[in-house]
Amino acid sequence: MKSFFLSLLGLVLCALPSMAQPLDTITVRIKGMRCDDCAHKVMNKVLENKGVADIQFNIERRTATVSYDKSKTSPEEFLAPLRGTRFNPTTYSPTDVIKRGFGQRMIELQTEADARRVVAALEGKEGIDSLSPHLDKKYLFIRYDANRTSRAEIRRHLLDAGFTPSNYYTGPKISYANFTIPADKALSVSLDDLLALDGVEDVCINRERGTVAITYFNDETTAEKLLAILNS
């Protein structure tokens with residue numbers, strides 16, 4: 001009996017290192033993955049493979065990072081369902097240049113001096129490719145390398161420079177609202193609370209300036225409704 005117990009203990013101890021083995025990871029580009037809904041479809045396909053432990057996405061870079069147990073599966077196996085679809089995976093490198101562009105509307109962008117100031121806030125920052133201010137519609141178009149910077153980082157630079165940016169789009173369905181928070185009042189509503197409102201596409205709060213910028217859909221809400229919510 002003692003010999004059997006020691007043999008069993010030996011088997012358990014031998015098994016422990018394999019149980020503690022770290023997972024392997026691989027990151028791939030998925031150029032057709034442009035939104036959260038796309039990422040959800042990719043996730044469902046990849047997680048069908050039982051050897052996959054986790055998958056994380058960067059929509060801005062259009063990359064997926066998969067953690068997997070190499071004793072149970074391989075990248076060739078769990079990426080196979082995506083081959084030949086709009087989500088066809090390709091190789092990814094941190095040195096890749098991933099060009100992106102987006103517009104940020106800022107009510108503060110009204111004069112040539114403002115244009116020079118907003119360019120100065122971003123010019124020379126890592127990953128910034130080009131900047132195009134448009135005073136007539138009060139927005140800045142930014143081209144950048146998503147492998148070296150991000151929209152969130154760019155927005156932080158603009159906030160630090162005293163601007164209150166929100167997403168800019170062309171089209172009749174989108175409008176913009178800008179609100180000033182009185183100096184004697186505190187804004188109790190959070191960014192997430194505002195983003196959760198019907199019709200709200202984007203929100204930026206500049207607490208230093210006491211301003212709120214909101215991009216919203218005309219057919220779902222109005223500036224008056226948003227103001228009433230802020231006042232409440």
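Grouping the Ile, Leu, Val, Met, Phe, Trp and Tyr side chains by contacts below 4.5 angstrom, directly or via other members, places Phe102 with Leu122. In terms of hydrophobic clustering, with Ile, Leu, Val, Met, Phe, Trp and Tyr side chains grouped at heavy-atom distances under 4.5 Å, Ile154 and Phe141 are assigned to different clusters. Hydrophobic clustering of Ile, Leu, Val, Met, Phe, Trp and Tyr side chains at less than 4.5 Å, counting indirect connections, keeps Tyr216 apart from Ile174. Ile107 and Val200 are not part of a single hydrophobic cluster, where members link through side-chain heavy atoms under 4.5 Å apart. If you chain together hydrophobic residues whose side chains sit under 4.5 Å apart, Phe57 and Tyr68 fall into the same group.
Sorted by first then second residue, the side-chain hydrogen bond (donor to acceptor under 3.5 Å, both in side chains) pairs that include residues 24-33, not counting sequence neighbours, are Thr27-Thr65. Applying the ring-ring contact (aromatic ring centres under 6.0 Å, His included) rule to pairs touching residues 162-193 yields Tyr139-Tyr168, Tyr168-Tyr176, sequence neighbours excluded. Under the side-chain hydrogen bond (donor to acceptor under 3.5 Å, both in side chains) criterion, the residue pairs touching residues 114-135 are Thr111-Asp114, with sequence neighbours excluded.
With sequence neighbours excluded, the residues forming a side-chain hydrogen bond (donor to acceptor under 3.5 Å, both in side chains) with Glu60 are Tyr144, listed by chain and number. Residues forming a salt bridge (Lys or Arg N to Asp or Glu O under 4.0 Å) with Glu77 (at least two apart in sequence, or on another chain): none. The side-chain hydrogen bond (donor to acceptor under 3.5 Å, both in side chains) search around Thr63 returns none, not counting sequence neighbours. In this view, Asp145 satisfies the salt bridge (Lys or Arg N to Asp or Glu O under 4.0 Å) rule with no residue, not counting sequence neighbours. The side-chain hydrogen bond (donor to acceptor under 3.5 Å, both in side chains) test applied to Glu112 returns no partner, not counting sequence neighbours. Arg100 is linked by a salt bridge (Lys or Arg N to Asp or Glu O under 4.0 Å) to nothing, counting only residues two or more places apart in sequence or in another chain. In this structure Ser93 satisfies the side-chain hydrogen bond (donor to acceptor under 3.5 Å, both in side chains) test together with Thr95, sequence neighbours excluded.
Nearest heavy-atom pair across Ile55 and Ala64 is CD1-CB, 4.1 Å. Nearest heavy-atom pair, Cys204 versus Leu159, reported as atom, atom and distance to 0.1 Å: SG-CD2, 3.7 Å. The shortest non-hydrogen separation linking Gly84 to Asn88 is N-OD1, 3.5 Å. In terms of heavy atoms, Val52 sits closest to Thr73 at N-CG2, 4.3 Å. When all heavy atoms of Ile59 and Ala39 are compared, the closest pair comes out as CD1-CB, 3.8 Å. In terms of heavy-atom proximity, Cys38 sits nearest to Arg86 at SG-NH2, 3.6 Å.
Of the inter-residue distances, the one linking Glu201 atom CD with Asn167 atom CG reads 4.5 Å to the nearest 0.5 angstrom. A distance of 4.5 Å separates CG of Asp54 from CD of Gln56, quoted to the nearest 0.5 Å. One distance of note links OG1 of Thr91 with CG of Asp96; it measures 7.0 Å at 0.5 Å rounding. For the atom pair CD (Gln110) and NZ (Lys138), the distance works out to 5.0 Å, reported to the nearest 0.5 Å. To the nearest 0.5 angstrom, Arg209 atom CZ is 8.0 Å from Thr180 atom OG1. Considering CD of Glu208 and CG of Asp160, their distance stands at 9.0 Å, rounded to 0.5 Å.
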* From CA spacing to verdict: side-chain hydrogen bond (donor to acceptor under 3.5 Å, both in side chains), Ser71, Asp69 -> CA-CA 5 Å; Ser71 69; Asp69 184 339; 2.6 Å; yes
* To do: Under the side-chain contact (heavy atoms from CB on, under 4.5 Å) rule, what do Ile205 and Leu194 come out as? Steps first, then yes or no, please.
  => CA-CA 10 Å; Ile205 301 173; Leu194 292 172; 4.2 Å; yes
* Asked: Hey, mind stepping through Ile142 and Ile128 against side-chain contact (heavy atoms from CB on, under 4.5 Å) and telling me if it holds?
  -> CA-CA 8 Å; Ile142 305 144; Ile128 299 295; 4.2 Å; yes
* To do: Could you walk me through whether Thr90 and Val28 pass the side-chain contact (heavy atoms from CB on, under 4.5 Å) test, one step at a time?
  => CA-CA 6 Å; Thr90 58; Val28 294; over 6 Å; no
* Show your working on side-chain hydrogen bond (donor to acceptor under 3.5 Å, both in side chains) between Asn218 and Glu220 and close with a plain yes or no. => CA-CA 6 Å; Asn218 296 326; Glu220 296 185 50; over 6 Å; no
* Evaluate the side-chain contact (heavy atoms from CB on, under 4.5 Å) criterion for residues Arg34 and Arg62: first the C-alpha distance (whole Å), next the side-chain angles of each, then the deciding distance (0.1 Å), finally the verdict. => CA-CA 7 Å; Arg34 299 171 179 270; Arg62 294 174 194 157; 3.2 Å; yes
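Residues Arg143 and Lys99 form no side-chain contact, since every pair of their non-hydrogen atoms from C-beta on lies 4.5 Å or further apart. Between Leu230 and Leu226 there is no side-chain heavy-atom pair separated by less than 4.5 Å. Between Leu197 and Thr221 the shortest side-chain heavy-atom distance does not fall below 4.5 Å.
Alongside Tyr92, the hydrophobic cluster contains Ile98 (criterion: ILVMFWY side chains under 4.5 Å).
Each of Asn178, Leu140, Thr164 was scored for a side-chain contact (heavy atoms from CB on, under 4.5 Å) with Met106, with one residue passing: Leu140.
Side-chain contact, Asp202 with Ser166: no donor N or O sits under 3.5 Å from an acceptor N or O.
Put simply, the side chain of Arg83 gets close to the backbone of Pro89: a donor and an acceptor are under 3.5 Å apart.
Crowding of Asp219 atom CG: a count of heavy atoms from other residues, nucleotides or ligands under 6.0 Å exceeding 12.
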Could you list the donor-acceptor pairs under 3.5 angstrom formed by side chains in residues 40-48, with sequence neighbours left out?
| unit_1 | atom_1 | unit_2 | atom_2 | d |
| --- | --- | --- | --- | --- |
| His40 | NE2 | Asn44 | ND2 | 3.4 |

